[in-house]
Amino acid sequence: MNLKTNYLGLELKNPLVASASALSKKPSYVKRMEDAGVSAVVMYSLFEEQITHDSLAFNYFMERGTEQFAEALDYFPDLDRYNVGPDQYLERIRRNKEATEIHIIGSLNGVSNSGWIDYAKKIEQAGADALELNTYYIPTNPELTADQLEDNYIELVKTVCNSVKIPVAVKLSPFFTALPNLIVQLEKAGAKGMVLFNRFVQPNLDIENLEVNPTLQLSTSAELLLPLRWIALLFGRVNIDLALTTGIHTGEDLLKAIAAGASVGMVASEFVANGVERAREMLDEMEKWMTVYEYDSIKKLRGSMSQKHVENPAAFERANYMKALQSYDNRLP
Ligand SMILES: Cc1cc2nc3c(=O)[nH]c(=O)nc-3n(C[C@H](O)[C@H](O)[C@H](O)COP(=O)(O)O)c2cc1C
């Protein structure tokens with residue numbers, strides 16, 4: 001069985017990649033992920049706010065967010081004691097590269113086209129095999145047009161790609177009006193891969209204390225459907241590697257990601273909730289399925305259920321909408 005896949009010009013031994021998460025803060029977890037079979041680890045993000053010494057968004061995502069989540073706390077009881085400044089980040093990349101044989105992908109998280117992106121070069125110099133750029137931005141200004149926002153993204157990606165030789169992937173949210181066109185523009189700007197989709201940490205309202213609380217809830221397999229559909233639509237239409245993130249919890253989910261057209265499936269929540277050793281079980285499950293269905297390579301499986309290759313391509317589009325609604329007509333009491 002040939003599980004090899006290519007992602008961002010890197011040859012990976014299989015399509016299971018650890019998504020950016022706090023798990024990669026501890027070198028021992030990275031080693032355990034390697035032992036459990038993952039082919040690459042995306043490091044937790046180095047945030048623009050962290051680099052520019054405004055810790056607001058950094059604390060929001062990395063500290064308060066995880067405190068809300070009991071399982072995550074079990075994994076990271078010492079989170080507060082970690083020193084996670086930019087220098088330590090680079091040091092962790094170096095150490096992970098030395099201690100493992102798998103690919104280590106750095107992650108930068110920010111939006112402005114300014115000095116903080118010098119860290120792309122530093123991440124490359126620290127030995128990262130590739131860079132993931134997470135563009136997590138909530139456009140609240142009614143004056144800002146979709147064009148302006150997208151131009152900002154494109155310029156940012158261009159600057160980052162021009163500053164490094166390692167391949168760059170862009171992690172995007174699903175909230176764009178014309179996603180395929182934006183992806184083509186980002187590809188022209190130099191991106192080698194798209195990571196779909198970023199999962200926003202949604203704030204909740206505490207109606208007892210009249211406060212807004214950040215929450216970080218882990219995903220479920222039900223959330224796989226959104227990125228799955230988009231990957232299936234994009235496969236063969238854009239000339240860029242696709243990585244699926246959000247909702248992969250089982251070997252079956254991973255298989256679906258690849259069948260839709262992803263080069264790799266990325267996993268965070270499942271490893272946080274049930275341990276990084278789940279990687280081995282997921283890979284075994286995938287291989288068993290491939291044996292039964294007579295797929296001897298990931299290459300043959302990839303994109304086999306993309307929109308271009310299924311019998312009913314309309315099922316990925318508007319036609320599916322009415323059918324799904326009608327399926328409830330006879331189920332009502
Ligand atoms: C505890 C935790 C920490 C995370 N930290 C980061 C991060 O630093 N950078 C990033 O781009 N994504 C981060 N993510 C998002 C994941 O990489 C992933 O895209 C998202 O959780 C969806 O995948 P999943 O369904 O496998 O969890 C984090 C997720 C979790 C659960």
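A distance of 6.0 Å or more separates the ring centres of Phe176 and Phe197. Residues Trp116 and Phe47 place their aromatic rings such that the two centres sit no closer than 6.0 Å.
Looking only at distances, no side-chain donor or acceptor of Thr5 sits under 3.5 Å from a matching main-chain atom of Pro15. In terms of modelled atom types and a separation under 3.5 Å, the side chain of Glu34 and the main chain of Glu101 share a donor-acceptor contact. A side-chain donor-acceptor contact under 3.5 Å links Asn14 to the backbone of Gly37. A donor-acceptor pair under 3.5 Å links the side-chain atoms of Glu48 to the main chain of Val111, judged by distance alone. Put simply, the side chain of Glu11 never gets that close to the backbone of Lys4: no donor and acceptor are under 3.5 Å apart. Side-chain atoms of Ser24 come within 3.5 Å of backbone atoms of Tyr44 as a donor-acceptor pair (strictly under, hydrogens ignored). The backbone N or O of Gly9 lies less than 3.5 Å from no partner atom in the side chain of Asn6, so there is not a single donor-acceptor pair.
When every heavy atom of Ala130 is checked against every heavy atom of Ile166, the shortest pair comes out as C-CD1, 3.8 Å.
The pair Glu281-Arg278 meets the salt-bridge criterion, with a side-chain N (NZ, NE, NH1 or NH2) lying under 4.0 Å from an Asp/Glu carboxylate O. With respect to the salt-bridge test (charged N to carboxylate O, under 4.0 angstrom), the residues Lys158 and Glu155 qualify. Salt bridge status for Asp35 with Arg280: absent, with no side-chain N to carboxylate O gap under 4.0 Å. Salt bridge status for Lys122 with Asp118: absent, with no side-chain N to carboxylate O gap under 4.0 Å. With salt bridges taken as basic N to acidic carboxylate O contacts below 4.0 Å, none links Glu124 and Lys165.
Within a 6.0 Å radius of CD in Glu211, other residues, nucleotides and ligands contribute more than 12 heavy atoms.
Applying the side chain to side chain donor-acceptor pair (under 3.5 Å) test to Lys192 and every residue at least two apart in sequence or in another chain returns nothing.
Each of Asp253, Ile248, Leu255 was scored for a side-chain contact (heavy atoms from CB on, under 4.5 Å) with Met282, with one residue passing: Ile248.
Two residues are said to be in side-chain contact when any heavy atoms from C-beta on lie closer than 4.5 Å; Ile298 and Ile258 meet this criterion.
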